[in-house]
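Only heavy atoms go into these numbers, but all of them, side chains included; no hydrogens, no water, no symmetry mates. Each ligand, and each atom within it, is numbered from 1 in the order the structure gives.
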Amino acid sequence: MWDEPRLRFGGDWNPEQWPEQVWAEDVTLMRRARVNLVTVGVFAWSRLEPAPGRYDFDWLDRVLDLLADNGIRAALATPTASPPPWFSLAHPEALPMTDAGVRLYHGSRDTYCAAAPAYRAAASRIAGVLADRYAHHPALELWHVHNEYGTVCYCEHAATAFRAWLTARHGSLDALNAAWTTSFWSQHYSDWEQISTPRATQYLANPGQLLDFRRFWSDTLLAAYTEQRDLLRAANPAVPVTTNYVLADWVPVDHARWAAEVDLVAIDHYPWSVDGGAEEQTAFAADLARGWARHGARARAAAGPPATARVPGDAAAGSAWLLMESAPNLIYTAGRMHAKEPGRMARHSLAHVARGSRGAMYFQWRAPVGGAERFHSALVPHAGPDSRVFRETVELGGILDRIAETDGAVVEASVAIGWDAASGWALRHPGLPSQRIDHHGEVAAAHRALWRAGFGCDVVLPGDSVDGCALLVLPALYLASDAVAAWARGYVEGGGHLLVTWLSGVADEHARVRTGGYPGAFRDVLGVRVEEFHPLADGDEVPLDGGGTGRIWAENVGLTGAEAVRAYAGGVLAGQPAVTRHRHGAGTAWYVSTRPDDETYRRLLTEAALAAGAAPTCPAAPAGVEAVRRRGAAGSWLFLLNHTDRAHRVAATGVELLTGAAVDTAVEVPAGGVAVVREAAPAR
Ligand code: GAL
Ligand code: ZN
């Protein structure tokens, strides 16, 4: 099953939205497209349990039997992301409350409070009943718990649970008061009962409280997940369990931390740019997912051998992740939906597969006639199977079959980029020196620059092993505990190359500023000391010597051992260092005190990566052709994704798997198309 190379292909199938004769047509079309996995039951709670404790499984029995008869497997979902109307009416206190204290009502989805005991009990009940009934069904390949955990609540249930969480985290009120700096603005707590969720406040809220609430809510949602997971696992330990992550900055979920609790990381990915931004976002999301998966696999391995191996996630490869949802066609962008150009769906999907996804899945199989998302794209659009999108679907199904041998191979990367959920949350506080600071966005910008330069990138969590990476980049890693500071220092002292960008290490894990000069946690390694920030206004740029500009942010960098590599070439900081380099121990540490424009950033990171001994994946690939290499026991494969509108030849030797043609010296990658070359000799 999951230990054999086989790429999954399919998407959310909602037979409950259609009369039964459509199901038969669906399955015929799925077979034509070589669909082998469909997600079923995601939002079907009101159909499965039409009244409290009264179940209707006949239809789902028939759906799963139909799939099994046709050799299609199911990612069977628990429907807990959308409680039925009867539940909300019976348990109004389990409806979510906004930070302003407003209760939300039934009528959309995700309308529940994950801290409400009644909701948790009802969710466990339906999950348990599904587990009992289907855990050994021949169609079942994967449990898909819930959908996109992320809904937040500020109610009294949440407040009670928050206090318990805080007690466990801080141990004493004194420790909490210190961590949250409650001496500021008369916020000192003298009794746990005085603490609540961070409800709407008159003016800026306490940053420590906000940060801890985010952490707490991630843990609360995780507990809701593991509760269901344990029931599903108990019913049949051989079936892997996961939940699909939603990637958005409002999501209060630390996906890296969750990765140890899922049997394979599953992400939903919907780019929001129409131009090449969509391809950059795709590559970044896939590298993030792989990084989370690897982090989770290592955390699990460190915790001891699992009772059963469900999805082999080699800790080094971290390959156990799956693109669970993506859009077959439309990209949502400023105020409209953009139809993907021919071939673009396959390119996006194959970019995920190239970076380790165990398949390509979509939302959704068939476009519905009604409901809030009636105009969302689907593999079978409103026009039906006689359509470009469905023809491309069939074609892609064939391609995935032909490249299945790549499944499970290790994705090559020589640069690692640090990502940290808590730094992202902490930088969202409105009291910061600039409202344009965004950890996730800074990680994405560094990734984009390296992507454009052709370097394979891994995403790592602060504290992770970075063995085998030539350069470690830490963009705006605002929070750094002493342990994280020691991790970075040890890496450089041991000979590693590190590149840190502005606002990193400024605060500790409680978001308390480290004094004595920025960037507190990394000052010694970087050999710099910053006294003042000079955030830039929207649209402002500061020139850098050697060309290019800095944006968003600037600092007056004092050298305490480092040398200046680039200086500010204008403005109040003219002549002062903008980028520095420091030999420390056996290694090198760079500091970048502004956000260079994309082209300057690409050149700078290329310089640092090459100096560290990293190499682009395929130096012969022309601009606009993305190259990813994977290695397995049997050899290596080169994925070439041509994002331009003309064909390109790229030097390679081996066999091109889509066409089966021998490649002697170069392969032609069609305009907007993809080539996958099984390389003749181990490439270097
Ligand atoms: C996902 C969600 C799906 C569907 C999709 C639309 O985030 O899981 O149910 O809403 O977005 O793009
Ligand atoms: Zn609540």
Should the pair [X]-[Y] be classified as a salt bridge under the 4.0 Å nitrogen-to-oxygen rule?
X: Asp263; Y: Arg229; value: no
X: Asp386; Y: Arg391; value: yes
X: Glu392; Y: Lys340; value: no

Mind checking what makes side chain to side chain contact (heavy atoms under 4.5 Å, CB included) contact with Ala235, not counting sequence neighbours?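 Listed in chain order: Ala131, Ala135.
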
Restricting to N/O/S atoms, is His157 within less than 2.8 Å of the Zn ion (ligand 2) or not?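 No N, O or S atom of His157 is closer than 2.8 Å to the Zn ion (ligand 2), so no.
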
Contact check, side chains of Val380 and Leu29, non-hydrogen atoms, under 4.5 Å: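 The answer is yes, as the side chains (C-beta and beyond) meet within the 4.5 Å cut-off.
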
Measure from the side-chain N and O atoms of Arg120 to the backbone N and O of Ala114, and report whether any donor-acceptor pair falls under 3.5 Å.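 Flag set: sc Arg120 to bb Ala114 pair under 3.5 Å.
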
Show me, by chain and number, every protein residue that has a heavy-atom distance under 4.0 Å to ligand 1.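 Its neighbours under 4.0 Å (heavy atoms only) are Phe43, Arg109, Asn147, Glu148, Asp268, Tyr270, Glu325, Phe363, Glu373, His376, given by chain and number.
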
